[in-house]
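Below, each value reflects all heavy atoms present in this structure, side chains not excepted, and no hydrogens, waters or symmetry copies. The first residue in the sequence is number 1, and the count goes up from there.
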Amino acid sequence: MRSLAGITGTDPHGARTALVAPAPGWTIDADVVVVGSGVAGLTAALRCADAGLRTVVVTKARLDEGSTRWAQGGIAAALGDGDTPAQHLDDTLVAGAGLCDAEAVRTLVTDGPDAVRRLIATGARFDLSATTGLIALTREGGHHRSRIAHAGGDATGAEISRALVSAARTHGIRTVENALVLDLLTTPEGRTAGVTLHVMGEGRHDGVGAVRAPAVVLATGGMGQIFSATTNPAVSTGDGVALALRAGAEISDIEFVQFHPTVLYLGPDAEGQQPLISEAVRGEGAHLVDAGGVRFMRGQHDMAELAPRDIVAKGIMRRMREQGAAHMYLDARHFGTAMWETRFPTILAACRTHGIDPVTEPIPVAPAAHYASGGVRTDLHGRTTLPGLYACGETACTGVHGANRLASNSLLEGLVFAERIADAVAQQHTVNGPSDGGPAHAATPHAPLLPAEARAAIQRIMTDGAGVLRSAGSLAGAADALDALPGAVRGKTDAEPGVETWETANLHLVARALTAAALERTETRGCHWREDRPDRDDAAWSRHLVITQRPDAQSPSHDSLHLTTTESTVFPPVSPVTRKEIP
């Protein structure tokens with residue numbers, strides 16, 4: 001580990017950059033703009049609107065096409081007889097491998113049950129037990145209790161999305177669809193003043209515009225598209241994290257990317273979004289086996305196939321390496337046709353679409369990039385290190401997930417912290433009064449854009465060097481390749497401003513940040529697996545890595561990523577603080 005020396009944290013507003021883009025051609029004024037329309041974004045928007053705030057939702061695709069609708073398993077909360085928030089807290093802390101912020105977890109599990117009940121009151125319909133008439137609860141990996149509420153068998157996210165989209169439309173919340181957020185607007189004093197965005201296609205607004213608002217909520221989802229194979233939809237290009245970095249905000253824990261253990265294996269050349277085989281399938285009794293039918297997770301963990309996801313993913317990868325196999329199998333033939341059709345109809349259809357019938361044959365599976373445990377660092381009210389900028393859902397790093405997210409805590413985190421953000425925004429609005437529509441400024445564009453063709457190169461670099469298995473050599477190679485990429489591709493294709501080049505720039509920045517953090521964390525912890533550092537090192541690494549972006553003094557046309565560490569697993573306040581710097 002590098003030597004650490006104490007310094008005082010710098011002003012986070014001092015170094016802002018922005019994407020190269022045309023000046024905004026239209027403007028909307030609001031009290032709050034929410035970027036994203038998943039469970040986190042729409043929950044925040046609905047609660048802000050209920051508080052009387054002029055609320056605008058900006059979403060990259062259509063209102064119902066975010067990551068939430070792809071969630072299969074369910075939402076975790078202590079709703080069952082005998083279950084308690086304390087038990088949910090314990091399971092979350094264990095899954096987080098010693099890096100969770102305990103107070104953030106306590107907030108999640110305590111507020112969670114009532115937040116789910118409010119979601120039901122909004123219109124979400126969960127599956128009910130045929131015997132009790134109460135919400136049907138199941139188990140997933142890392143949970144010692146059945147506490148996962150699901151809908152439509154394995155279509156929980158789709159049902160939650162349906163309910164929230166319907167509520168947003170009923171409330172008449174103003175939305176801007178098919179819009180890629182670009183960068184943050186600020187006041188001369190450095191406070192948030194809105195966002196710039198680009199609307200793709202024709203509609204009420206077209207091209208680059210701006211939503212001016214004193215509060216911006218980032219709920220843009222994940223960044224799985226930095227890898228060749230992922231469960232994330234094509235829109236998950238790390239836009240919120242990249243925007244926050246360019247604006248000078250802190251991000252944290254970005255090295256902890258969860259690779260879901262059981263993703264349908266479609267061959268060595270499969271790229272893009274891959275079908276997920278929900279953890280709930282194992283929760284209902286499916287077994288992981290090798291080609292010989294051996295249940296290899298037995299003996300590796302006392303919960304076998306229901307161990308936390310990082311342990312199961314590592315177990316699968318070890319078996320694959322031992323046997324020289326490209327995948328393992330998930331065997332649920334004993335479920336029978338009726339159970340597959342009623343409990344997992346979505347997964348059954350996806351498998352059959354690809355020529356696999358899980359009723360009669362085991363499902364080939366392998367780990368793939370799934371969930372970012374890190375993101376834009378926030379406090380317990382979703383406030384980031386930039387005044388007026390908030391983040392929730394997968395875009396945020398609240399400290400809840402630590403080094404590895406507990407199954408089905410993601411939807412709950414989006415729900416709970418979105419409500420807390422809305423309350424904080426409403427309170428601030430009461431203190432400050434309505435926005436006066438004062439001056440708002442964008443940063444001067446800084447780094448040149450990469451051509452769209454670089455996207456595939458970024459994905460190959462990250463898959464090869466910063467995937468499930470990592471080492472100092474692979475990560476250093478990935479970092480060098482990412483740094484060299486602008487020069488390698490420049491001149492081959494004109495990198496004109498546009499959706500594809502903006503997304504590629506976001507992917508490149510987020511990939512560089514992830515690789516830098518993964519190289520710095522010289523241990524194996526949770527879903528961060530260093531082959532050259534196979535042990536967990538609590539003495540050195542029971543702390544969070546925090547990253548900011550700064551201009552490179554040697555080359556003003558480039559930027560550098562600045563890494564610091566927290567003193568412990570507890571996140572410091574979001575105001576500037578004294579920390580340790582990694583030289």
Quiz item: Is the side chain of Thr548 donor-acceptor paired with the backbone N or O of Gly248 at a distance under 3.5 Å, no angle test?
Solution: no
Exercise. Go through the steps to decide whether Asp114 and Arg117 satisfy the test salt bridge (charged side-chain N to carboxylate O under 4.0 Å, His left out), and finish with yes or no.
Key: CA-CA 5 Å; Asp114 283 343; Arg117 294 183 184 104; 2.7 Å; yes
Exercise. Say whether, by atom type as modelled, one donor and one acceptor occur between the side chain of Asp127 and the main chain of Gly153 under 3.5 angstrom.
Key: yes
Exercise. Give the C-alpha distance, both sets of side-chain angles, the deciding distance and a yes or no for side chain to side chain contact (heavy atoms under 4.5 Å, CB included) between Glu394 and Tyr371.
Key: CA-CA 7 Å; Glu394 193 172 354; Tyr371 190 89; 3.5 Å; yes
Quiz item: Just checking, any donor-acceptor pair under 3.5 angstrom between side chains of Thr187 and Glu189?
Solution: yes
Quiz item: Taking atom types as modelled, is there a side-chain donor on His370 or Thr231 under 3.5 Å from an acceptor on the other?
Solution: yes
Practice problem: Could you tell me whether a side-chain N or O of Ser252 sits under 3.5 Å from a main-chain N or O of Leu545, the two making a donor and an acceptor? | Solution: yes
Self-check item: Positive for side chain to side chain donor-acceptor pair (under 3.5 Å) with Asp91, one of Arg145, Arg147, His143
Solution: Arg147
Practice problem: Return yes if some donor-acceptor pair links the side-chain N/O of Asp101 with the main-chain N/O of Phe571 below 3.5 Å, else return no. | Solution: yes
Quiz item: Sub-3.5 Å donor-acceptor pair from the side chain of Glu159 to the main-chain atoms of Ala124, do we have one?
Solution: no
Quiz prompt | Neighbour count >12 (heavy atoms, 6.0 Å) for atom CD, Gln87 | solution = yes
Exercise. Over all heavy atoms of both residues, which pair between Ala369 and Phe227 is shortest? Give the atoms and the distance, please.
Key: CB-CD1, 3.5 Å
Quiz prompt | Gap separating the CD1 atom of Ile135 from the CZ atom of Phe126, nearest 0.5 angstrom | solution = 6.5 Å
Exercise. Establish, from distance only, whether the side-chain atoms of Glu250 and Thr385 form a donor-acceptor pair under 3.5 Å.
Key: no
Self-check item: Nearest heavy-atom neighbours spanning Ser37 and Val57
Solution: CB-CG1, 4.4 Å
Practice problem: Indicate yes or no for a side-chain donor-acceptor contact from Arg54 to the backbone of Arg174 under 3.5 Å, with no hydrogens or angles considered. | Solution: no
Quiz item: Do side-chain atoms of Arg525 reach the backbone of Ala97 as a donor and acceptor pair under 3.5 angstrom?
Solution: yes
Quiz prompt | Minimum heavy-atom distance Pro275-Val263, with the two atoms named | solution = O-CG1, 3.3 Å
Exercise. Tell me yes or no: between the side chains of Asp253 and Ser373, is some donor less than 3.5 Å from an acceptor?
Key: no
Exercise. Please answer whether the main-chain N or O of Ser161 pairs with a side-chain N or O of Thr68 as donor and acceptor at a distance below 3.5 Å.
Key: no
Exercise. Considering non-hydrogen atoms only, spot the tightest contact between Thr156 and Ile75 and give its length.
Key: CG2-N, 4.4 Å
Exercise. Taking all non-hydrogen atoms of both residues into account, name the closest pair between Ser410 and Arg405 and its distance.
Key: OG-NH1, 3.1 Å
Quiz prompt | Gap between atom CG of Asp239 and atom CG of Leu509 - 0.5 Å precision | solution = 11.0 Å
Quiz item: Would Gln258 and Asn404 count as having a side-chain donor-acceptor pair, cut-off 3.5 Å?
Solution: yes
Self-check item: Where Arg162 and Gly123 come nearest, the two heavy atoms and their spacing
Solution: NH2-O, 2.9 Å
